[in-house]
Undergrad: 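First the structure, then my questions, so here it is.
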Amino acid sequence: MELYNGPLDVKEIFGRWLDEEAESNYGAYIPFVGTIRAEGGIEALSFDIYEPVLKSWFDGWQRKAEARGAIVKMAHSIGDVPVHTSSYISAVFSPKRRVALELIDEFVEDFKANAPIWKYDVIGGSRIYAEDRSTPMDGAGLLK
Amino acid sequence: MELYNGPLDVKEIFGRWLDEEAESNYGAYIPFVGTIRAEGGIEALSFDIYEPVLKSWFDGWQRKAEARGAIVKMAHSIGDVPVHTSSYISAVFSPKRRVALELIDEFVEDFKANAPIWKYDVIGGSRIYAEDRSTPMDGAGLLK
Amino acid sequence: MIKVEFLGPIGKAPVEMEAKTLADVSAKLKEDETIAPWLSKCAVAVNDTMVKELDFVLKSGDRVSILPPVCGG
Amino acid sequence: MIKVEFLGPIGKAPVEMEAKTLADVSAKLKEDETIAPWLSKCAVAVNDTMVKELDFVLKSGDRVSILPPVCGG
């Protein structure tokens, strides 16, 4: 798991992960690259991350992937990420195509639902919580 | 659609596709990279491609992707591809995560079932048709 | 004494309180008008482990984190 | 006269024949012992378009391709 201030260097990360697993005998490598879309007049998105819980979440996924003979990797931005640059890359390596296609879907969807990351629109220099696009985590409402 | 003699330059292709769509305002980019596994004592896999039908197949997928606001890209090797190098990359770019995750799965699975590409194991310098891993295309058996 | 911290957009400084279980934490946070509206949509971690039981027993020095709705990616 | 070509691993040179429909092609190919075993698992293209109808009408100069089981990737 890798966290960076500002936009990701997508090519460096993709290539380095490829090299890291070059001799691991995986047949399928599926990265998911998330890029900031120009919409709603934003200049950038901005992210807060709570790293200890993110690390636990990621370690749990690493165990789930290993149980299926695969591995997962992940990189995310902290702070401002301008439009048309990337804030998120996750990837699955697996011996088998079918496992890789299923895992990348589950991993990315659970990431959206449960990774402790908060998103803000940056408009006119101010930072506005993207409440309408945010999802309560599993177990939300415990203290209500 | 790109065809190359021998292994793919995965980093070059990944990076060039990223650059090509850098201003297209897609939020999700999912490549699938297929790498030759060391198994069964092979030195390499080798591929024959029938390009005219592959082109039609790919153009059909480009139209299906466009109908969902997305695009697809594809590169494949012709001839010998040594163990631990890559023979196949396909990719989806889409504004939306969900469409991208569904399309990459459908695109890769249909590729395996219907792209006119024949695979051979290269063992001791000879080329042996990978019959047991091959799939009859849609409509097979018409002349039986 | 335990410590309660508010993550991401909640924008409130940590508070310390006496609490034997998360139910006690819930009762105290409901008294805070700026926090009460968040509670129905927030998840909870104790010492960085997600917790889903309201009767979870706290000990002195525990750190309770309040996690509002997320949107990574 | 039409031309029939055999793709990938079939490893046979193209043949020319008279045929009004793909049914005629089928009848003639079944007479060839090296080709007959492939027919149940091969798909067919005419002039590079996949065809799924046995009564597909051929015209002189058409090119029929026999496509054995595939495995790209």
Undergrad: Could you check whether any side-chain N or O of B/Ser87 sits under 3.5 Å from a backbone N or O of D/Gly73, counting only pairs where one atom can act as donor and the other as acceptor?
TA: yes
Undergrad: If I compare all heavy atoms of D/Pro69 with all of B/Tyr129, which pair ends up nearest, and what's the gap?
TA: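 Result for this residue pair: O-OH, 2.7 Å.
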Undergrad: Taking B/His76 for the side chain and D/Gly72 for the main chain, is one N or O donor matched with an acceptor at less than 3.5 Å?
TA: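 Not at all, since once roles are kept as given, no pair shorter than 3.5 Å links the two residues.
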Undergrad: Looking at chain B, which one of D/Pro9, D/Ala23, D/Ser26 has the largest number of heavy-atom pairs inside 4.5 Å, strictly under?
TA: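 Max contact count across the listed options: D/Pro9.
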Undergrad: With only heavy atoms counted, which part of D/Leu29 is less than 4.5 Å from chain B, the side chain, the backbone, both or neither?
TA: side chain
Undergrad: Quick one: are D/Val70 and B/Asn114 in side-chain contact, heavy atoms under 4.5 Å?
TA: no
Undergrad: Below 4.5 Å from any heavy atom of chain D, which atoms of B/Ser56 appear? Answer side chain, backbone, both or neither.
TA: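 Contact with chain D involves the side chain of B/Ser56 alone.
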Undergrad: Determine whether a donor-acceptor pair (N or O, by modelled atom type, separation under 3.5 Å) exists between the side chain of B/Trp118 and the backbone of D/Cys71.
TA: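 Here the side-chain-to-backbone pair does not exist.
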Undergrad: If I measure from the heavy atoms of chain D, does B/Tyr120 come under 4.5 Å with its side chain, its backbone, both, or neither?
TA: side chain
Undergrad: Please state whether the side chain, the backbone, both or neither of B/Asp138 comes within less than 4.5 Å of a heavy atom of chain D.
TA: both
Undergrad: With a 4.5 angstrom heavy-atom cut-off, which part of D/Lys30 approaches chain B: side chain, backbone, both or neither?
TA: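 Side chain of D/Lys30 only, per the 4.5 Å heavy-atom cut-off to chain B.
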Undergrad: Testing the basics here: between D/Met50 and B/Val53, what is the closest heavy-atom pair and its distance to 0.1 Å?
TA: SD-CG1, 3.7 Å
Undergrad: Check each atom of B/Ala130 against the heavy atoms of chain D and say whether the ones under 4.5 Å are side chain, backbone, both or neither.
TA: neither
Undergrad: Counting distance only, does the side-chain N/O of D/Lys41 pair as donor-acceptor with the main-chain N or O of B/Gly141 below 3.5 Å?
TA: no
Undergrad: Is there a side-chain contact between B/Tyr50 and D/Glu5, using heavy atoms and a 4.5 Å cut-off?
TA: yes
Undergrad: How about CD on B/Glu66, more than 12 heavy atoms from neighbouring residues, nucleotides or ligands closer than 6.0 Å, or not?
TA: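 Enclosed: over 12 neighbouring heavy atoms sit under 6.0 Å from CD of B/Glu66.
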Undergrad: Check whether any side-chain heavy atom of B/Leu143 lies under 4.5 Å from a side-chain heavy atom of D/Ile66, and answer yes or no.
TA: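 B/Leu143 reaches D/Ile66 side chain to side chain.
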Undergrad: Count the heavy atoms belonging to other residues, nucleotides or ligands that lie under 6.0 Å from NZ of B/Lys144, then report whether that count exceeds 12.
TA: no
